[in-house]
Amino acid sequence: MMGYPMNTSGNSIQETVRIGCGSGFWGDAFDPADELLRRGELDYLAFDFLAELTMALLQRQRARNPEAGYVEDAVAFMTDMAGTARERGTVLVSNGGGVNPPAGARAVAANLRERGLAGVRIGVVTGDDLLPRLDELQQAGVRLANANTGAPLAAVRERIVCANAYLGSDGIVGALEEKAQIVLTGRVADSAVFVGPLMHALGIGHGDADRMAAAIAAGHIVECAAGCTGGMSSRFDTMPAMGRVGFPLVEFGSDGEFVVTKLPGTGGRVDAFTVKEHIVYEIGDPRAYVVPDGVVDFTSLALTEEAPDRVRVSRVRGAPRPADLKVLIGYSDGWIGEGLLMFPWPRAFARAQKARATLTERFERLGLAADEIEFSYVGVNALHGPAAPLRDTDDLNEVGLRVAVHTRSREEAEKVRRACSQLWIMGPGGTSFGVPMKARPVVSLWPTFVPRELVPHVLEMITA
């Protein structure tokens, strides 16, 4: 099911749409989203829960339990907000279906019935999961080579744990045409949970490159929630009351201009600078930000501060959507062994350096087989690496030594934890430990592309 026409159900085209962001990641706060739903007079509230490695984690959950594999926060959010959303006429759209949107939707429906909210229509969008189709796609001539290195998929074929295409908004639009009150998807582009509602409500088609680019730009600006209302800001010290930050909402007009704002009285700030900070977040080429629904030229747009906490975005220009969809394949890639040791003043840095030398000797003594060993000094260069200036290290109050080792087996990774614990007495005086870190499996990512026409969106409607 692909390429839905807009508003075929007879709904009138809106002039302005109010759409809010209820989550920027799996684990985001509930209260700002709930406040936005209750006070924001929203047409839609959209939630982004997925990150690149989330799909691999969820796939492992589903392998253990066929009814798992969705983001549990998404089910809780949809369940807790459904009553208020129905009262206010707000549609909830989320990519929290993860690798198992049907199971997530069944969980939401069961919860709603228990709360006396039967009758809620739920649209379930799938089609992104290509794991069972990899051989089929290769037989059809799709190479699935690594987009960065050109390596053939055969190099990792036996270790693959997940494979998901980044879908666009077609399935979401289809669900809204079917009067869905909740939409739950698998892996769609982060902006798609915003673009789909705007396409549906405003009659935007894929042939309208500039308005589509504006919808994508709006989704990109607000998709990380507090990321455009003061979070992650270089002006962190001037941001007010971030502990009660307001999540963003967009007032999107039929002409393709939109306003980014937040609720009055909430913490944080919306101004041209906070919007710019998020515009440049994870975009690559600013003249050609490519997502499944289209291409945005972020150098074309204009920002105007209309009032406190109100920024108008206009003159967005774009190009047609790409012929291929990005696919991320996750594959098992060994294990990580990790340790963290802390050292006090005086001569904290010298103690940490001695501990590093001692650990290196222990690794040799234990016969550690490592693909890579990485040391860093917390408080000195753990974040900036070799770019960090080593000055005044004799006067540091405390320094941590972190070691991370990439190995082929769990047994080798466990040697790292044992060697770190042995420094309690072998190491410099004052050595102490953080929380013991168990060995953990590594999932690496294999980026590739597949022709759009080989990845249909699939829509199922269920009723709570």
Side-chain angles (χ1 to χ4, degrees), residues 1-3 26 47-75 93-108 122-140 142-147 153 156-175 182-193 196 291-293 324-332 443-462:
M1 178 184 63
M2 301 177 67
W26 181 1
F47 304 80
D48 176 21
F49 287 107
L50 300 180
E52 280 68 20
L53 283 175
T54 308
M55 306 302 284
L57 299 175
L58 293 172
Q59 193 69 261
R60 290 183 185 277
Q61 292 180 9
R62 187 180 186 183
R64 294 192 295 267
N65 175 6
E67 284 300 303
Y70 53 84
V71 177
E72 293 183 359
D73 277 6
V75 170
V93 183
S94 165
N95 61 13
V99 301
N100 202 350
R106 288 192 293 270
V108 172
I122 304 172
V124 187
V125 180
T126 57
D128 61 293
D129 185 2
L130 303 185
L131 184 61
R133 299 185 56 206
L134 293 178
D135 293 336
E136 168 199 334
L137 290 169
Q138 289 193 295
Q139 290 168 5
V142 183
R143 293 183 59 234
L144 300 175
N146 189 299
L153 188 66
V156 298
R157 183 64 182 90
E158 300 305 314
R159 294 183 281 147
I160 291 174
V161 296
C162 66
N164 295 87
Y166 281 71
L167 300 184
S169 301
D170 287 358
I172 297 171
V173 174
I182 294 175
V183 182
L184 199 63
T185 79
R187 199 5 146 180
V188 297
D190 295 350
S191 59
V193 293
V291 295
D293 287 312
D324 295 333
L325 297 178
K326 181 180 179 180
V327 178
L328 275 185
I329 296 173
Y331 62 95
S332 297
V443 175
S444 292
L445 296 178
W446 181 279
T448 189
F449 293 92
V450 66
R452 175 187 298 277
E453 64 271 15
L454 297 181
V455 188
H457 297 232
V458 179
L459 172 63
E460 177 187 3
M461 297 297 301
I462 69 172

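These values consider heavy atoms only, across backbone and side chains, with no hydrogens, waters or symmetry-generated copies. Residue numbers count from 1 along this sequence.
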*Considering residues, nucleotides and ligands other than Gln138, do more than 12 of their heavy atoms fall under 6.0 Å from its CD?*
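Above 12, so yes.
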*Arg143, CZ: over 12 other non-hydrogen atoms inside 6.0 angstrom*: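 Check fails, neighbour count at 12 or below.
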_Distance (rounded to the nearest 0.5 Å) between Ile329 CD1 and Ser444 OG_ =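 These two atoms lie 13.0 Å from each other.
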*In sequence, state the C-alpha distance, the side-chain angles, and the governing distance for Leu167 and His457, and then conclude on side-chain contact (heavy atoms from CB on, under 4.5 Å).*
CA-CA 8 Å; Leu167 300 184; His457 297 232; 3.8 Å; yes
_With side chain to side chain donor-acceptor pair (under 3.5 Å) as the test, pick out the partner of Glu67 among Arg106, Gln61, Arg62._
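The single option meeting the side chain to side chain donor-acceptor pair (under 3.5 Å) with Glu67 is Arg106.
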_Non-hydrogen atoms of Ala74 and Phe49 that approach each other most closely_ =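 Closest approach of Ala74 to Phe49, heavy atoms only: CB-CE1, 3.6 Å.
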*Taking all non-hydrogen atoms of both residues, which atom of Gly127 and which atom of Val455 are closest, and how far apart?*
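Heavy-atom minimum between the residues: O-CG1, 3.5 Å.
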*Report the C-alpha distance between Met55 and Asp128 in whole Å, list the side-chain angles of each, state the deciding distance to 0.1 Å, and finish with yes or no for side-chain contact (heavy atoms from CB on, under 4.5 Å).*
CA-CA 11 Å; Met55 306 302 284; Asp128 61 293; 4.0 Å; yes
*Would you mind listing every side-chain hydrogen bond (donor to acceptor under 3.5 Å, both in side chains) that reaches into residues 93-103, with sequence neighbours excluded?*
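Sorted pair list: Asp48-Asn95.
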*Flag side-chain contact, heavy atom, 4.5 Å: Leu50 against Arg187*: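 Answer yes - side chains close enough.
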*Check whether any side-chain heavy atom of Val291 sits under 4.5 Å from a side-chain heavy atom of Tyr166, and report yes or no.*
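SC-SC contact between Val291 and Tyr166 ruled out.
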*Starting from the C-alpha separation in whole Å, work towards a yes-or-no answer on side-chain contact (heavy atoms from CB on, under 4.5 Å) for Leu58 and Trp26.*
CA-CA 12 Å; Leu58 293 172; Trp26 181 1; 3.7 Å; yes
